[in-house]
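Both backbone and side-chain heavy atoms feed into the values below; hydrogens, waters and symmetry mates do not. Residue numbers run from 1 in the order of the sequence given.
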Amino acid sequence: MNGSHHSLENLEQQRLEAEKSYLEFVRQPDLSAGLYVLPVGGTDPQQPHTEDEIYVVLAGKARIQVGESDFPANAGDSIFVPAFLEHRFHSITEELRVIVVFAPAEYLRKTA
């Protein structure tokens with residue numbers, strides 16, 4: 001297994017070409033990572049995941065509801081969300097660009 005390198009510019013181009021808000025760029029059994037982008041005033045449709053997550057906000061300004069708590073989600077912030085907990089970005093006032101890391105890999109624990 002070799003390592004990998006990804007530029008934010010290249011990831012953004014791939015995401016735009018795929019016409020998706022989320023682009024996974026690393027997938028291993030123990031973790032996965034992706035770039036998630038939401039526009040100003042956008043809606044975050046995600047449901048609770050079966051894995052723990054860390055969000056690292058690269059750019060933008062919003063808030064995130066995590067269970068009963070509500071936190072700022074601004075450039076430079078990191079947010080931890082335990083598996084199975086309801087969470088959602090909201091009140092997006094500047095385009096939000098977030099690196100998302102799942103451990104283990106997203107949906108690895110999901111059962112049919």
Side-chain angles (χ1 to χ4, degrees):
M1 173 77 190
N2 291 322
S4 61
H5 172 268
H6 306 275
S7 74
L8 186 56
E9 182 179 338
N10 183 266
L11 292 174
E12 179 59 15
Q13 184 63 36
Q14 290 178 53
R15 187 190 68 78
L16 288 170
E17 288 172 4
E19 299 180 353
K20 295 181 178 182
S21 59
Y22 181 74
L23 174 74
E24 183 179 76
F25 61 89
V26 171
R27 184 164 194 86
Q28 296 294 314
D30 293 333
L31 70 85
S32 63
L35 173 64
Y36 190 36
V37 178
L38 293 168
V40 171
T43 301
D44 182 5
Q46 65 181 315
Q47 298 295 313
H49 297 91
T50 56
E51 299 77 28
D52 291 337
E53 297 177 74
I54 293 177
Y55 293 102
V56 179
V57 182
L58 302 174
K61 188 170 185 163
R63 297 200 59 84
I64 185 169
Q65 183 79 33
V66 179
E68 299 291 319
S69 299
D70 192 80
F71 302 107
N74 303 322
D77 290 345
S78 64
I79 300 122
F80 170 71
V81 179
F84 303 104
L85 189 61
E86 287 275 346
H87 61 286
R88 182 163 289 103
F89 289 101
H90 65 92
S91 305
I92 303 167
T93 58
E94 293 178 15
E95 183 179 69
L96 196 61
R97 293 180 183 279
V98 181
I99 295 292
V100 185
V101 178
F102 292 95
E106 183 181 26
Y107 301 127
L108 189 69
R109 294 180 181 163
K110 191 172 185 175
T111 58

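Counting heavy atoms from C-beta outward, Asp44 and Ile92 have side chains that stay 4.5 Å or more apart. Side-chain contact between Leu31 and Val26 is present, with at least one heavy-atom pair separated by less than 4.5 Å. Looking at heavy atoms from C-beta onward, Leu85 lies in side-chain contact with Val66 at the 4.5 angstrom threshold. Looking only at side-chain heavy atoms (C-beta outward), Phe71 and Asp77 stay at 4.5 Å or farther from each other.
Cluster annotation: Val37 is not connected to Val57 through the hydrophobic network of ILVMFWY side chains, with a link wherever side-chain heavy atoms come within less than 4.5 Å.
Separation of atoms NE2 (His90) and OG1 (Thr43) is listed at 12.0 Å; rounding is to 0.5 Å. If you take CD on Glu68 and CD on Glu86, they are separated by 10.5 Å, rounding to the nearest 0.5 Å. Note that CD1 of Ile64 and CZ of Phe89 are 3.5 Å apart. Values are rounded to the nearest 0.5 Å. Distance CG/Asn74 to CG/Leu58: 12.5 Å, rounded to 0.5 Å. Note that CZ of Phe84 is 13.5 Å distant from CD of Gln47, once rounded to the nearest 0.5 Å.
For Glu17, the CD atom counts as densely surrounded, since its 6.0 Å shell holds more than 12 non-hydrogen atoms of other residues, nucleotides or ligands.
For the pair Asn10 (side chain) and Ser7 (backbone), a donor-acceptor distance under 3.5 Å is absent. A donor-acceptor pair is defined here as one N or O able to donate and one able to accept, closer than 3.5 Å; such a pair exists between the side chain of Arg15 and the backbone of Lys20. The backbone N or O of Pro82 sits nowhere less than 3.5 Å from a side-chain atom of Asp52 that would complete a donor-acceptor pair.
Applying the side chain to side chain contact (heavy atoms under 4.5 Å, CB included) test to Ser21 and every residue at least two apart in sequence or in another chain returns Tyr36.
Annotation: side-chain hydrogen bond (donor to acceptor under 3.5 Å, both in side chains) contacts involving residues 53-66, sequence neighbours excluded, comprise Gln46-Tyr55, His49-Glu53, Glu53-Tyr55, Glu53-His87, Tyr55-His87, Arg63-Asp70.
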>> Applying side chain to side chain contact (heavy atoms under 4.5 Å, CB included) to Leu35 and Ile99, what does each step give before you reach the verdict?
In response: CA-CA 5 Å; Leu35 173 64; Ile99 295 292; 4.3 Å; yes
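Shown here for Glu24 and Ser32, the closest heavy-atom pair between the two residues is OE2-CB, 3.5 Å.
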